[in-house]
Amino acid sequence: MNNALTIVKKTAPVMPVAQFKSLDHAKACAELFAEAGVPAVEVTLRHADAWQMVKICRDLMPNARIGVGTVLTRRQMLRAADEADFVISPGFSRELSMLANKTLTTYIPGIATATELMAAMAEEHRVFKCYPAEAIGGVALLKALSGPFPEAVFCPTGGLTEANYQEYLALPCVHCVGGSWIVPSEEALAKDRAGYLAALKSLYQRPL
Ligand code: 3PG
């Protein structure tokens, strides 16, 4: 499961959670992300063409890790194991965890409670999507969970924005956050691509 740790560290500070509206939207964002050096993206399975969108990101972002998100079923896990670099679910299921293990898939399950963390840590997971972070207690919840679960590392997602994500990143248990707010709509991109590119480049700038 250490690959999951590598993914969240490399992805810092923000994993774009992409819910593309169309194949053209996916293409435009993937080109933007590649140019900006975005290290990883979570493409959610919430569109009829989602698997094609995953392929677009793979093709157009050759230097990035491409994740498939909203993985809820065995069938999705098996396909994602073949077509993506890592897999994310909004919640935890032992069945999916075992399947990820069997297929050697880098897997980041979601958790919302101490009970779910216990179940997931019993399957050797250490890296979690905390979802839906803002709705279930946000920074205060993560601080509280870090007491009994000092080894757990989180990528909080759900309700994070430009205005609050830094508060999450300030927690030692948070190595990156996830959010859809940094994925521009097609309309926004058409209006100010240069502005988005500059903002993304500065977000992912790494010290040499
Ligand atoms: C997810 O799937 O992780 C969330 O829907 C993303 O949440 P956000 O849209 O509030 O960033």
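Indexing begins at 1, ligand by ligand and atom by atom, following the structure's order.
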Does a side-chain N-to-carboxylate-O contact under 4.0 Å join [X] and [Y]?
X      : Y      : result
Lys21  : Glu187 : no
Arg58  : Glu83  : no
Lys129 : Glu42  : yes

Using the side-chain hydrogen bond (donor to acceptor under 3.5 Å, both in side chains) rule, pick out the option among His125, Glu124, Glu123 that qualifies with Ser97.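 Only match with Ser97 under side-chain hydrogen bond (donor to acceptor under 3.5 Å, both in side chains): His125.
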
Check Arg46 against ligand 1 and report side chain, backbone, both or neither, counting heavy atoms closer than 4.0 Å.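 For Arg46, the contact with ligand 1 is made by the side chain alone.
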
Below 4.0 Å from any atom of ligand 1, is there a heavy atom belonging to Gly158?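 Under 4.0 Å: yes for Gly158.
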
Is the closest heavy-atom distance from Lys129 to ligand 1 below 4.0 Å?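 Judged by the 4.0 Å heavy-atom criterion, Lys129 does count as contacting ligand 1.
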
Looking at [X], which atoms of ligand 1 are within less than 4.0 Å of one of its heavy atoms?
X      : answer
Gly159 : 8 (P), 10 (O)
Gly179 : 11 (O)
Gln19  : 5 (O)

Identify which of Thr161, Thr157, Leu160 has a heavy atom lying nearest to atom 6 (C) of ligand 1.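 Of the listed residues, Thr157 has the closest heavy atom.
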
Counting only heavy atoms, tell me which of Ser180, Pro16, Gly110 gets closest to atom 9 (O) of ligand 1.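 Looking at heavy atoms only, the winner is Ser180.
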
